[in-house]
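Report on the following structure.
Below, chain A is the first sequence line, B the second, and so on; all start at residue 1.
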4 protein chains.
Amino acid sequence: MTGEARPLRADAQRNRARVLEAAEVVLARDGLSASMRTIAQHAGVGLGTIYRHFPTQEALYQAVIIDRMQRLIAEADALLAADDPGAAFFEYFTRIVENATQKKTLADVLAEADIDPKAGMADISRDMRDVIEKLLIRAQKAGAVRQDLHMPELLALLAATCMAAERNQWSDELRTRTLSILFDGLRSHH
Amino acid sequence: MTGEARPLRADAQRNRARVLEAAEVVLARDGLSASMRTIAQHAGVGLGTIYRHFPTQEALYQAVIIDRMQRLIAEADALLAADDPGAAFFEYFTRIVENATQKKTLADVLAEADIDPKAGMADISRDMRDVIEKLLIRAQKAGAVRQDLHMPELLALLAATCMAAERNQWSDELRTRTLSILFDGLRSHH
Amino acid sequence: MTGEARPLRADAQRNRARVLEAAEVVLARDGLSASMRTIAQHAGVGLGTIYRHFPTQEALYQAVIIDRMQRLIAEADALLAADDPGAAFFEYFTRIVENATQKKTLADVLAEADIDPKAGMADISRDMRDVIEKLLIRAQKAGAVRQDLHMPELLALLAATCMAAERNQWSDELRTRTLSILFDGLRSHH
Amino acid sequence: MTGEARPLRADAQRNRARVLEAAEVVLARDGLSASMRTIAQHAGVGLGTIYRHFPTQEALYQAVIIDRMQRLIAEADALLAADDPGAAFFEYFTRIVENATQKKTLADVLAEADIDPKAGMADISRDMRDVIEKLLIRAQKAGAVRQDLHMPELLALLAATCMAAERNQWSDELRTRTLSILFDGLRSHH
DNA sequence: GATGAATGAGTGTTCATTCAT
DNA sequence: TATGAATGAACACTCATTCAT
């Protein structure tokens, strides 16, 4: 009833979080060959504990991705209110790619954002898509982004960049240089 | 060393080719979950035959990729002699992405072209890299591509586009639109 | 022994009964693949509560069986005082088989009644045996059942019929017809 | 090429037989809790070898049962040509129950013979059924078995007896006595 | 050289049981 | 006392790889 209350439930929440975190780390390290057993060890919990929180390996993976997308989507709010719509747009693009570089596994979802609205992923994908679309429209209205850029190719480029950044562990410098080139293609040619 | 002719050699070559081809098809269809047995069945050979030619699953996959890269590299020759160096450069970029869309599995290697020169892949990756570099330099000299575009970011963008095209099965239209945007970023701003 | 009343004892008894009932239902439905968790859910109690009352899955199953045997044994009392000992004997046999058809899981114990006096089962099995024996002797004295029928083969036939009825879910008609044949074998040939 | 030829194939056949035999033994000993690993160890083969021959645990179990039924069905041929149809009928019934006592696991199928024609079991069950029906009809024509005995109750009684004999490991004496009683019920009352 | 039977480590998943709350 | 979160042994099954034929 107080701030510190409900210790049992708290422990469970804590384990859930530990599993999620471990899954993120192990997935980043081992890729798709990560095993549930390894994740359990990494999280310092029993194998069964994972299954208490996530009924399936796939469910766990989805939860990892959803978790990260939620955080990313939350970051967009501030940018949607930013003074410079163009800067906001490019910053968010950059932020997403940075995130992929660090954490991996995001790309797959972004990849499917425009394509495969599977299971519980559908909603969150749509949310991400919507947020990106809003930033795009604002930036276009401000004349910072070319008018003939539409969502399909924007998502395609975003997904592509994330995948490569994640897979090849782009350095900060490479990311900067690469995005700089890419952004030149997205900007208005007055 | 032997007095006899080598009719079997022809058969062996044939089997090797059959396995390679089957591996390409099955990898494209089943992705990483493709099994050696499936490939053997598809090739119409015994499981052991695969192992005679390729010591390891990984070796087979590498061979598939090398095979495709060789063909892609060969395609570059004509373009290196083309009249319009800019068009040649963009055409080759497009060609590689098309290839990824159709056949899958290429992206991974391209991805690593600038990074992970593992095993026998090193040489062919370097060849590919060289060919691309030559096309780039010609195009830059002709003023068709910006001077400040260097190999790392070019390869990064190429890898990114291939991965996404392969994974998300870009339609012809999406590929055209996406590359059009991207190419605007690569071009010279006079 | 304590100075306090025991209102909780009533709750405990109630939970024990609920678990027992749920176990019967779930065992009938799911057979041996029934899980403790399912039973707990069905009973509307926590998993731990089952273990408070029954230390082991096996103990619970035994309790279910003992419970049912007790009820069956109780039914025998009236028949032991019945006017027609022959009818009483055959009716009880029939009743037991009917019970097996409806509820499942009884057969296994009956099966072991003459054989495996394990754990707390021993007593109740003996009670059941005694009651059957009494009915048999009365029926034999009344000339309704052949003299050379002894307990081992009677129990064997009873167990056999229960198992099959339970496993194959005999219809009422099949049970009637089958027992009719069987009973002809048990009757006296004058 | 001679009687001893084809060693490779022979080995495979041999392993299949070994697995089948081991499965029979282990199933008899451990019941349904028998594990594939245990069977493999018992057979002296690797775990994968079982799966080479039987795609599924269920498939293996079915194969065990089918194997035994085939042998039993083969035994019926001689009896179908016997001089005394009544004796032949009762002998076959006895033979099947004996078999169940020794080997276990047969009962389940017999149980389902009249009921659940699942998968590849259907044919062999039908064969068994047919053979029993032929023996029954001959015995009825010879006046040795009551006319009003029909297949459903005959199969029910056979299944029942097999189950109990198998589960409770009837001694020879118990089997003789029990069947003797039962057969009195099957015979004609002139 | 070609075959495919054999192998067993490894995987995802279930479930009886324990114990902190 | 009741709860259900945690545990991990156990299971069916897959698949890269080896090797006898």
Side-chain angles (χ1 to χ4, degrees), chain A residues 6-16 19 33-41 44-58 60, chain B residues 6-9 11-12 15 33-41 45-60, chain C residues 7-9 11-12 15 33-41 44-60, chain D residues 5-16 19 33-41 44-60:
Chain A
R6 306 223 188 91
L8 181 68
R9 210 58 167 235
D11 264 37
Q13 276 313 63
R14 185 156 222 265
N15 270 342
R16 204 194 119 100
V19 169
S33 74
S35 85
M36 294 298 265
R37 210 164 246 98
T38 306
I39 293 172
Q41 279 159 2
V45 303
L47 192 41
T49 302
I50 297 188
Y51 283 93
R52 162 161 299 276
H53 294 288
F54 309 96
T56 283
Q57 186 180 55
E58 200 184 341
L60 171 60
Chain B
R6 312 211 189 99
L8 294 178
R9 203 47 165 256
D11 268 34
N15 272 343
S33 74
S35 83
M36 295 299 266
R37 183 161 263 108
T38 307
I39 294 173
Q41 278 159 0
V45 305
L47 195 41
T49 303
I50 295 188
Y51 282 91
R52 167 156 304 275
H53 294 289
F54 310 95
T56 288
Q57 185 179 54
E58 200 184 340
L60 169 60
Chain C
L8 296 177
R9 203 49 165 253
D11 268 35
N15 272 343
S33 75
S35 83
M36 294 298 264
R37 183 161 263 108
T38 307
I39 293 173
Q41 279 160 359
V45 304
L47 197 39
T49 303
I50 296 188
Y51 282 91
R52 167 157 304 275
H53 294 289
F54 309 96
T56 291
Q57 184 178 56
E58 200 184 342
L60 170 60
Chain D
R6 304 225 188 91
L8 181 67
R9 209 57 165 236
D11 264 34
Q13 278 310 65
R14 187 156 221 265
N15 270 343
R16 203 194 118 100
V19 168
S33 74
S35 86
M36 295 298 265
R37 195 164 254 102
T38 306
I39 294 173
Q41 279 159 1
V45 304
L47 190 44
T49 304
I50 296 188
Y51 284 93
R52 163 160 297 277
H53 293 289
F54 308 96
T56 281
Q57 185 180 53
E58 200 184 341
L60 171 59

Exercise. Are the side chain of B:S35 and the backbone N or O of B:T38 linked by a donor-acceptor pair below 3.5 Å?
Worked result: yes

Seminar exercise, completed: Between CD of D:E58 and C1' of F:dA12 the distance, given in whole Å, is 12 Å

For this session: Would you mind reading off the distance between A:Q41 atom CD and F:dG8 atom C1', rounded to a whole angstrom?
Result: 12 Å

Exercise. Separation of A:R14 atom CZ from F:dA6 atom P, in whole Å?
Worked result: 12 Å

For this session: Confirm from the modelled atom types if D:R37 and E:dG10 form a donor-acceptor pair under 3.5 Å, side chain to base only.
Result: yes

Exercise. D:I50 CD1 to E:dA6 P: how many Å, rounded?
Worked result: 11 Å

Seminar exercise, completed: The answer to which of A:G44 and D:Q57 contacts DNA chain F further toward the 5' end, by nearest nucleotide, is A:G44

For this session: Quick one: pull up CZ in B:R37 and CD in B:Q41 and give me the separation to the nearest 0.5 Å.
Result: 7.0 Å

Exercise. Could you give the CZ-to-C1' distance, from D:R16 to E:dA6, as a whole number of Å?
Worked result: 16 Å

Problem set entry | Phosphate contact (F:dA5 OP1 or OP2) by A:T49 side-chain N/O below 4.0 Å | no

Exercise. Quick one: are A:M36 and A:L60 in side-chain contact, heavy atoms under 4.5 Å?
Worked result: yes

For this session: Using only side-chain N and O atoms of C:N15, determine if any of them is under 4.0 Å from OP1 or OP2 of F:dT1.
Result: no

For this session: Grab the CG-P distance between A:D11 and F:dT7 for me, whole Å please.
Result: 10 Å

For this session: Using atom CG of C:L60 as one end and atom P of E:dT17 as the other, report the distance to the nearest whole Å.
Result: 10 Å

For this session: Would you mind telling me which residue lines up with the more 5' stretch of DNA chain E, A:M36 or D:V45, judged by nearest nucleotide?
Result: D:V45

For this session: Provide the closest heavy-atom pair for A:L47 versus A:A40 in the form atom of the first, atom of the second, distance.
Result: CA-CB, 4.0 Å

For this session: Have a look at D:A34 and say if it touches a base, only the backbone sugar-phosphate, or nothing, with a 4.0 Å heavy-atom cut-off.
Result: sugar-phosphate

For this session: Would you name the heavy atoms of D:I39 and D:V19 that are closest together and state the gap between them?
Result: CG2-O, 4.2 Å

Exercise. Taking the nucleotide of DNA chain F with the closest heavy atom to each, which residue, A:G46 or D:T56, is nearer the 5' end?
Worked result: A:G46

Exercise. Atom CZ of B:R52 to atom C1' of E:dA2: distance rounded to whole Å?
Worked result: 7 Å

Problem set entry | Base paired to E:dA2 (Watson-Crick or G-U; both N/O distances under 3.5 angstrom) | F:dT21

Exercise. Are OP1 or OP2 of E:dC15 and a side-chain N or O of C:S35 less than 4.0 angstrom apart?
Worked result: no

Exercise. Out of F:dA6, F:dG8, E:dA5, which has the shortest distance to the side chain of A:L47?
Worked result: F:dG8

Exercise. Hey, does the side chain of A:H53 come within less than 4.0 Å of F:dA5's phosphate (OP1/OP2), counting only N and O?
Worked result: no

Exercise. Does E:dG12 have a Watson-Crick or wobble mate here (both distances under 3.5 Å), and if so which one?
Worked result: F:dC11

